[in-house]
Every structure is written in structure tokens, then in C-alpha cells.
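Have a look at the structure below, then the notes.
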Amino acid sequence: MRAGRTKPNKWLTAQELHAHLNTSFSMSFLEELVSQTQDEHGISVNDLHLTESQPLDQGFAIFSKLHKIFRTEESIYLLTRSVIKEFAEDNVKYLELRSTPKEIPETGLTRDVYMQTMVRAVHDCEKEGLDITVRLLVSIDRRHGVEIAKIAVDLAERWMKSTKGLVLGIDFSGDPKVGDATDFIPVFLDAAERGLKLALHLEEIPLHEETKNVLRACCGHCTIRIGHGTYLHRYEPNEGHEEIEDLVVKWKIPVEACVTSNLLSKTVDRPGTHHFWYWRSKQHPVILCTDGKGVFGCLLSDEYSKVAKEFSLGREYLVNYALSTFDTIFECDEVKQRLKDNLKQFSEKEQIAFPS
Ligand code: 6MZ
């Protein structure tokens, strides 16, 4: 996404369910912030987004640099506000924003202050009257291990209660090459027991054993969505991993599909082979998401546009698709219905633009 880039029309987007706060900056926001603080970290904004396909590891190297920039309460507040505003400008009506709460003694940031800051930013956007409903997920970084994950669940539960559901779940993410998701199963079950919903990164790279273990243990006990799920269905015949797809289908677990992110991270080779279409063809819930619109340089409307062109999807198909995705949000039926009604009205008034 180039600095200052704007869209002339209101594009169809509906909702964003897989956006990591620290990777969802816009370049214009980042340029301004970095110009104010450059001396402190010596990082150039050009090093903070992928312009061409690179292995997934390169993305994780960028995330570490970003964590050197977003280190203060003030920067987290400004980032959260600007990310919400930018999604609203892209016509996103419902956003579940996720982030890993950080503990940085030098700047006085604690996990609790981090959460408080994000919540404050959401409330300030509400007061400003932005036409977007925002909910928050607390991220567990798998690199940090099970003990920190337990702290994240306690934090999420506390903030879920004190915000009356503005915080509504847990995200499980981080470098998939590190650790084993199996170790976190008790944490996931405990989180679900406490009323938290689960968005779990699974199969961003082929990791069939941990996925099978997690799904076997959690299906039926937890409300789950799967982040990426790129290799969910890409098992070799007769390896016994068909069970994974069977569980995903049986429990109708929605898949968060991040097309541009997967292409730039080289986990998918071209748009035509993206699993978005595999799951759509099975009429299984799959939701277009940006992942990190700053690092991957994509708006959510770009993702809609990309699949519409690739799979020749017309106006009616896209509207029906967008409406169906509201069923996968972690909110209650009343909120789902309100979002659907609004989008229906909006699309009937022809205020939404479509790829030609
Ligand atoms: C796995 C990812 C990710 O939490 O500091 N993250 N985890 N796969 C991905 N695919 C590209 N993209 C982002 O946002 C940054 C953190 O989100 C996770 C990583 O843990 C990263 O450090 P927050 O706001």
C-alpha cells in the first residue's frame, strides 16, 4: 500500500477477522511515526513491508523490527486508532483486531496497559462515530511458550469481563516453525471454558500432526476459526491425515484466508491455486482477510478484487459471499443480523463498487 493511497469508491469488504495490529499499519502512518522517532531505532520504513515474494521467515524478521517501533503506550494508541480508521475507510463494518500484549519495562508498558490502551483507542473511535464495530482478540505467540500463554488467557478473560465482551477471544499465532501447538491444548480448552473464542493459526506450513491433535481435542468443546489453514487439505493420499479435513468439515470450522499474505510469503504459488477456492467450492465457510495490511501492502478490498478477478465472480456472488461471512464472526446472532441487514441495504442502494 503506497503512502496516501485512497480508493475512489466504496468497495465491497464487509468484515476483517484476521488482522494483527503491529503488521496492519499504513505506510503513511508509519512514515510519520518513524520520522518522529528515527534516531531511536535507526529503522527505515522501506524495510518494513514485502514488495515481492519472500520466504515466510522474512516476514518474521520484519515483525521483530516492527516491535522495536511500537514500544510505547502512545504508539500503540496511535497505531490502534489509525488501523481502525483505515479499515473503516475501506468500508469494513466489523473488525476483530488481534495483538500480542507486550511487557516492556523501559517504556513502562505492561500487558495490562497494552490492553487498556487498545480498548481506549476502540472507545475513542466509537465516540468519533466511525461506522465500524471493533472487537479485540488477545494473541498468544507460540514462541513464548505455555506459561506466557496462560497469562494471556487470564488477561483476556479479565478484559472480556471488564469490557462486557469487547475483548472476546484468543489468537494463537507466531512462527509456525517454533514449538508444537499440541502443548497448548490445555490452554485452549481452559480459554474456551472461560467463554473465550479461539482463532488458531494452523497449517500455515504443513504441520499435520499438531493440527490433528488440536482438532481432535478441541472440536466440540471450543468455538474455533482457523487462521491460514493453507495445508489443511494438502496431505499425501494414504497418510491418514484426511481426518483433519473431515473434522474441519464436520464441525464447520471457518478458515481465514489471507491470499496476498500467502502469496508474498510463498506458502501458495499463485492466486489460482489458493485454498480460498477449494473451500468455497465445497461451500465451506472461508473468509478473506488481510493478515497484516502494512507488511503485505494490501487493503481488504484488494483481496475481494483479487479473487473476483481470478475466479470470475460477479456482483451477486460477491454480495452473497460477503453476507455469508458474517456467520463466522465471534459475536452474537443479533450483531450478525444487524451487519447483514446493513450490508444488504447498502448493496441494494448500489453504493458499493465491484471489480469490472
Ligand atoms: C503467524 C503471525 C503472522 O501481535 O505484535 N503474526 N503469526 N503467521 C503469520 N503470517 C504471516 N503474521 C503476524 O502482531 C505481530 C505478531 O503477529 C503474529 C506474530 O506473532 C507477530 O509477531 P502483534 O500485534
Side-chain angles (χ1 to χ4, degrees), residues 16-25 29-30 48-50 53-73 75-84 87 95-104 109 111 114-115 117-119 121-122 134 136-145 148-149 151-152 155-156 167 169-179 181 184 199-207 210-211 225-231 255-268 289-298 303:
E16 168 64 62
L17 301 186
H18 187 133
H20 297 273
L21 176 67
N22 278 240
T23 62
S24 293
F25 54 83
F29 170 79
L30 197 63
L48 299 173
H49 60 121
L50 290 171
S53 295
Q54 307 255 6
L56 190 58
D57 295 345
Q58 185 59 28
F60 281 94
I62 292 180
F63 304 159
S64 301
K65 287 184 187 160
L66 286 165
H67 290 150
K68 291 189 180 137
I69 294 178
F70 302 123
R71 289 170 57 80
T72 62
E73 181 179 337
S75 63
I76 295 301
Y77 175 78
L78 293 173
L79 176 64
T80 308
R81 274 195 80 155
S82 89
V83 167
I84 295 171
F87 275 118
L95 165 68
E96 282 175 16
L97 188 59
R98 55 185 74 185
S99 194
T100 324
K102 321 275 183 320
E103 194 92 7
I104 308 178
L109 203 60
R111 293 189 183 90
Y114 195 98
M115 289 307 298
T117 306
M118 284 185 78
V119 168
V122 174
V134 182
L136 300 176
L137 304 178
V138 175
S139 296
I140 293 172
D141 186 332
R142 57 191 288 158
R143 289 168 297 187
H144 298 162
I148 301 288
I151 292 174
L155 193 70
V167 175
I170 287 289
D171 156 53
F172 176 70
S173 52
D175 190 342
K177 289 185 184 151
V178 179
F184 293 82
L200 308 178
H201 281 59
L202 292 172
E203 300 274 4
E204 185 174 9
I205 59 173
L207 288 169
E210 67 165 31
T211 301
R225 286 196 316 254
I226 293 180
H228 297 288
T230 314
Y231 290 86
V255 178
E256 301 161 353
C258 310
V259 179
T260 300
S261 160
N262 297 156
L263 291 168
L264 284 174
S265 306
K266 288 190 167 178
T267 51
V268 173
C289 303
T290 52
D291 199 4
K293 67 182 181 57
V295 170
F296 300 111
C298 56
E303 301 302 281

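In listed order, ligands and their atoms are each counted from 1.
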Proximal ligand 1 atoms for [X], defined as those under 4.0 Å from one of its heavy atoms:
{"X": "His228", "answer": "10 (N)"}
{"X": "Leu21", "answer": "24 (O)"}
{"X": "Asn22", "answer": "5 (O), 14 (O), 23 (P), 24 (O)"}
{"X": "Arg143", "answer": "20 (O), 22 (O)"}
{"X": "Phe296", "answer": "11 (C)"}
{"X": "His67", "answer": "5 (O), 15 (C), 22 (O)"}

**OP:** Output yes when the distance from some N or O of ligand 1 to some N or O of Lys102 is under 3.5 Å, and no in every other case.
**Re:**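 Looking only at distances, the answer is yes, because the N/O contact criterion of under 3.5 Å is met.
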Original post:
Do Ser265 and ligand 1 have an N or O pair less than 3.5 Å apart?
Top reply: no
Original post:
Would a distance-only check, ignoring hydrogens and angles, find a side-chain to backbone donor-acceptor pair under 3.5 Å from His201 to Phe172?
Top reply: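 Here the side-chain-to-backbone pair exists.
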Original post:
So, the side chain of Arg111 versus the backbone of Ala152: is there a donor-acceptor pair under 3.5 Å, distance only?
Top reply: no
Around [atom], find the nearest protein heavy atom and jot down its residue, atom name and distance.
{"atom": "atom 1 (C) of ligand 1", "value": "Gly174 O, 3.2 Å"}
{"atom": "atom 24 (O) of ligand 1", "value": "Ser99 OG, 2.6 Å"}
{"atom": "atom 8 (N) of ligand 1", "value": "Glu204 OE1, 2.7 Å"}
{"atom": "atom 21 (C) of ligand 1", "value": "Phe63 CD1, 3.7 Å"}
{"atom": "atom 4 (O) of ligand 1", "value": "Thr100 OG1, 2.5 Å"}
{"atom": "atom 17 (O) of ligand 1", "value": "His20 ND1, 3.0 Å"}

**OP:** Look at Arg143 together with Asp141 and state whether they make a salt bridge at an N to O cut-off of under 4.0 Å.
**Re:**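 Asp141 and Arg143: salt-bridged.
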Rounded distance [0.5 Å steps], [atom1] in [X] versus [atom2] in [Y]:
{"X": "Glu16", "Y": "Leu97", "atom1": "CD", "atom2": "CG", "result": "9.0 Å"}
{"X": "Leu79", "Y": "Met118", "atom1": "CG", "atom2": "CE", "result": "8.0 Å"}
{"X": "Phe29", "Y": "Ser75", "atom1": "CZ", "atom2": "OG", "result": "7.5 Å"}

Original post:
Do Lys102 and Phe70 meet the cation-pi criteria used here (NZ or CZ under 6.0 Å from the six-membered ring centre, within 45° of the axis)?
Top reply: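 No; the conditions do not both hold, so Lys102 does not lie above the ring face of Phe70.
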Original post:
So Phe63 and Asn22, side-chain contact (heavy atoms from CB on, under 4.5 Å) or not? Walk me through it.
Top reply: CA-CA 8 Å; Phe63 304 159; Asn22 278 240; over 6 Å; no
Is it the case that [X] and [Y] place a side-chain donor and acceptor less than 3.5 Å from each other?
{"X": "Glu303", "Y": "Thr260", "value": "yes"}
{"X": "Glu204", "Y": "Thr267", "value": "no"}
{"X": "Tyr114", "Y": "Ser99", "value": "yes"}

Under a 4.0 Å heavy-atom limit, does [X] contact ligand 1 with its side chain, its backbone, both, or neither?
{"X": "Asp141", "result": "side chain"}
{"X": "Asp291", "result": "side chain"}
{"X": "Phe172", "result": "neither"}
{"X": "Phe60", "result": "side chain"}

